Amino acid sequence: MRFSSIVTAVLALVAPLTSAHAADACRGLDWRQGLQPIAKRTLTAGDLVRLRDIGPTGDDNPPSHIMAISPDGKWLAFQLRQADPDANRYCLAMIIQPLDNRESARFVDTGGDFALAPDGVPTVPVTAIGIAAVVTPRWSPDSTWFAFLKRVDGVNQVWRAALVAGQSRAVTPKNLNVEDFRVVGAGRIVVRLTGVAATPNDESLVGYHYDERFVPMRSSIPIVPKAVARYVSFDVATGVQRDADSAEVALFEPRGTSDDSLFGQRCNFSRSARGSGLLSPTQIDMRCRGAPTISCRAEACENSYGPVWTAGKDVRFLRREGWARMTSAIYQWTPGTDRLQRLYATDDVLADCQPARSDELICLRETSLRPRHLVAIDLTRGHVREILNPNPEFEHLALGGVERIKLKSSFGIPAFADVVLPTDYRPGQRYPLVVVQYQTRGFLRGGIGDEFPIQLFANNGFAVLSIQRPAPAGGVEDATDAIDIDRRNLVGFADRRNVLSVIETGVDTLIARGIVDPVSVGITGLSDGSSTVQFASLNSSKFAAGIVSGCCWEPAQDAWVGPAFAKRFDAIGWPNLIANAPSFWARMSLIANAEHVRFPLLFQAADDEFRAAVESVTALREAGKPADLFVFPDEYHIKWQPAHRLAVYERDLDWFMFWLRDLEPSDPRRRAEVKRWMMMKSPPLH
């Protein structure tokens, strides 16, 4: 496929930054090259893995901005990312897109390494979770350049891209690992440097003390907190650096969801709970200099998320509403009054919305059948204008039709699901079904964690039930913290029963409609979804096969998760290692109930989680139950490597083809697996 003249010019601009080989390998990152096919074709696993992404997937409320509008309102800057499973790498570029669409987007930087976002639970060791870090561009006041974080050879640096020249360069040196930064005026950048691990250098020589720093299933050495961060200020033109002053350090302090002007003064917006409970209704608080706090306590101000911004004398925000909060809406509130107006509502996902002109909002939008793309929403007329679609070829792939259905759990809690029909669907014919958990907002890709390829299943003769998890069941309205919520939900496995009942109701609905074969239903899960699969394997008769990522809840879990997590589990109410609790584990433990597990299980685990599943898999095998385990190196809770994601997608499909459709994979790479699965299905007689 040949480059267009535009692409050739783009590569010429960035040639000093990347090798010719790297540029050629990543030429598919430019969505404008090549001709699109006229006829639709079958979607493959590779099509899903190679989708171009803007920001972390599956998150419509990112911790910081994914994109940035220039101060003059003319340009939008963002990072574009595409996986390359053949090379097991990501192709990355910083893009500036004109908001008026009068000219083409510009590639102002290419290259760099994929960066993982840090993650952790308070009071327990911090580690990565496997999702992409948010790359937030920050513009200069005169809109002539913007800065961004770029990871090169394992180090995060601040780079600067000039709007006119179309080239970029590093601002910070390679010996400083930057965690975050701010642009100050037209010529200065202040950075926060990643703290150095606090473990003494000589501790490895005398032995690490086993304490709350350890998570044995993830590492054989302590996972230590970062040291106190350091702040450095750089002159953009000269690169001269100095320690940041107190005013510059203060730029990194949390400022709420927005910092905008109203009535000619600076105002800050935040959210607070009305009651003492963690899940109490929320309100929007506005604090302006020299004025008392004004709060919006109306029901329409509950469940708001994302940015808050001003328009004249009014305040605008997004909220989730409707059945199981499946609708996203944009509201306008006049501070000091009870006047609220809904300006726009949709069941599509809107992420990182930012005001451009007075009544236009720039958003990343996803629909059930369209990956993330850029749109401008006219809040006066409700008109949506597409700005950029980074995956135009996706429209030429065969996709299963989607129908949204409303559900309710056995606890009476609302939920919903998307039903995806096979691409060859014929009314009156029954199909095998795959259940995917546990978020079905926006583009139907692979469920939470992007592990289970929905449209790949649909292209291979499966119906899919994509479930939105219902709210917790354990009477949590007045719960004081997350541990209190988990404690209430664990009593009688209330929340596991709550979630499973929604799934079973959805399955029964599709069986009653004549769509699904009742003896060919599979279930999948990652994280909380894995817990539901484990619970279903002992407490449901609906399923014929299952796949999980991380697993399992078992009597010995305190030993694998380490002292910090064990303390948390004990506070929630899980029996500790020496507790004699057979009645508790009778409903959950695969080890204690291996003979009673009701369907074959495939485990596709990260290397920092698989140890927690080894006992369970061993018990299933000793009980003669079909179980297979694959371990992926250098992975986390969510798998981030392109080659691994492709392998997971393909094996997911093969597992269900084998157990639900009685078809053997044709891929010669699967011969050993097929032979093993055949032995599981028809073990030799002794």
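Owing to the predicted nature of the structure, the values given are computational and were not obtained by experimental measurement.
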List the residues meeting disulfide bond (SG atoms under 2.5 Å apart) with Cys363, not counting sequence neighbours, and say none if there are none.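 Counting only residues at least two positions away or on another chain, Cys363 forms a disulfide bond (SG atoms under 2.5 Å apart) with Cys353.
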Checking [X] side chain against [Y] main chain: does a donor-acceptor pair fall under 3.5 Å?
| X | Y | value |
| --- | --- | --- |
| Ser530 | Cys551 | no |
| Arg365 | Arg372 | no |
| Asp113 | Tyr90 | no |
| Gln557 | Glu554 | yes |
| Lys625 | Glu595 | yes |
| Asp495 | Ala473 | yes |
| Asp84 | Arg89 | no |
| Arg645 | Ala83 | no |
| Arg611 | Met217 | yes |
| Arg52 | Pro390 | yes |

Would you say the side chain of [Y] lies within less than 4.5 Å of the side chain of [X], judging by non-hydrogen atoms?
| X | Y | result |
| --- | --- | --- |
| Glu451 | Thr524 | no |
| Ile515 | Leu421 | yes |
| Ser410 | Val502 | no |
| Phe394 | Leu399 | yes |
| Glu366 | Pro371 | no |
| Gln604 | Leu629 | no |
| Leu51 | Arg445 | yes |
| Val614 | Thr618 | yes |

Could you tell me whether Arg320 sits above the aromatic face of Tyr305, with NZ or CZ closer than 6.0 angstrom to the six-membered ring centre and within 45 degrees of the axis?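 So Arg320 does make the cation-pi contact.
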Are Arg598 and Phe543 in a cation-pi setup, meaning NZ or CZ lies under 6.0 angstrom from the ring centre and within 45 degrees of the ring axis?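 Pair Arg598/Phe543 does not count as cation-pi.
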From the options Arg670, Arg669, Arg676, Arg671, select the one residue that forms a salt bridge (Lys or Arg N to Asp or Glu O under 4.0 Å) with Asp654.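 Testing each of Arg670, Arg669, Arg676, Arg671 against Asp654, the sole residue satisfying salt bridge (Lys or Arg N to Asp or Glu O under 4.0 Å) is Arg670.
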For Asp47 and Thr44, what are the C-alpha separation, side-chain angles and deciding distance, and is it a side-chain hydrogen bond (donor to acceptor under 3.5 Å, both in side chains)? CA-CA 5 Å; Asp47 292 321; Thr44 68; 3.1 Å; yes
Report yes or no: do [X] and [Y] form a side-chain donor-acceptor pair below 3.5 Å?
| X | Y | value |
| --- | --- | --- |
| Trp553 | Ser589 | no |
| Tyr649 | Asp450 | yes |
| Lys408 | Ser501 | no |

Do [X] and [Y] sit within salt-bridge range, that is, some charged N less than 4.0 Å from a carboxylate O?
| X | Y | answer |
| --- | --- | --- |
| Arg218 | Asp608 | yes |
| Glu673 | Arg651 | yes |
| Arg513 | Asp508 | no |
| Lys542 | Glu504 | no |
| Arg441 | Asp60 | no |
| Glu393 | Arg41 | no |

Compare every heavy atom of [Y] with every heavy atom of [X], then report the nearest pair and how far apart it is.
| X | Y | result |
| --- | --- | --- |
| Ser540 | Leu500 | CB-CD2, 4.1 Å |
| Gly525 | Val533 | N-CG2, 3.7 Å |
| Gln437 | Gly529 | NE2-O, 3.2 Å |
| Gly400 | Thr423 | N-CG2, 3.6 Å |
| Gly447 | Ile454 | N-CD1, 4.2 Å |
| Gly546 | Phe656 | N-CE2, 4.3 Å |

Can you list the steps and then say if Asp486 with Asn489 is a side-chain hydrogen bond (donor to acceptor under 3.5 Å, both in side chains)? CA-CA 5 Å; Asp486 288 343; Asn489 280 311; 5.1 Å; no
One pair to check against side chain to side chain contact (heavy atoms under 4.5 Å, CB included): His373 and Asn391. What are the steps and the verdict? CA-CA 8 Å; His373 53 285; Asn391 294 286; over 6 Å; no
Other residues, nucleotides and ligands only: do more than 12 of their heavy atoms fall within 6.0 Å of CZ on Arg325?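 No, not enclosed.
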Walk me through whether Trp677 and Trp655 qualify under ring-ring contact (aromatic ring centres under 6.0 Å, His included). CA-CA 9 Å; Trp677 297 349; Trp655 181 259; 5.1 Å; yes
To the nearest 0.5 angstrom, please state how far the [atom1] atom of [X] sits from the [atom2] atom of [Y].
| X | Y | atom1 | atom2 | value |
| --- | --- | --- | --- | --- |
| Leu510 | Ile405 | CG | CD1 | 5.5 Å |
| Asp628 | Leu620 | CG | CG | 11.5 Å |
| Cys91 | Leu29 | SG | CG | 6.0 Å |
| Leu364 | Asp348 | CG | CG | 13.0 Å |

Mind telling me whether Phe114 and Trp640 have parallel, tilted or perpendicular rings, with 30° and 60° as the class edges?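 Taking Phe114 first and then Trp640, their aromatic rings lie parallel (interplane angle under 30°).
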Should Asp86 and Arg50 be marked as a salt bridge (Lys or Arg N to Asp or Glu O under 4.0 Å) after you check the CA-CA gap, both sets of side-chain angles, and the distance that decides it? CA-CA 10 Å; Asp86 297 330; Arg50 292 182 175 88; 3.2 Å; yes
Salt bridge (Lys or Arg N to Asp or Glu O under 4.0 Å) assessment of Arg496 paired with Asp528: CA-CA 9 Å; Arg496 292 275 67 86; Asp528 183 80; 3.1 Å; yes
Arg370 and Glu395: CA distance, side-chain angles, deciding distance, salt bridge (Lys or Arg N to Asp or Glu O under 4.0 Å) verdict: CA-CA 8 Å; Arg370 288 194 69 191; Glu395 298 174 5; 3.6 Å; yes
Stepwise, does the side-chain hydrogen bond (donor to acceptor under 3.5 Å, both in side chains) test hold for Asp418 with Thr440? CA-CA 7 Å; Asp418 288 310; Thr440 191; 2.6 Å; yes
With ring-ring contact (aromatic ring centres under 6.0 Å, His included) as the test, would you mind laying out the steps for Tyr431 and Tyr425 before giving the verdict? CA-CA 8 Å; Tyr431 295 85; Tyr425 175 71; 5.6 Å; yes
Take Phe535 and Phe493 through the ring-ring contact (aromatic ring centres under 6.0 Å, His included) test and state the conclusion after the steps. CA-CA 9 Å; Phe535 189 73; Phe493 290 102; 5.7 Å; yes
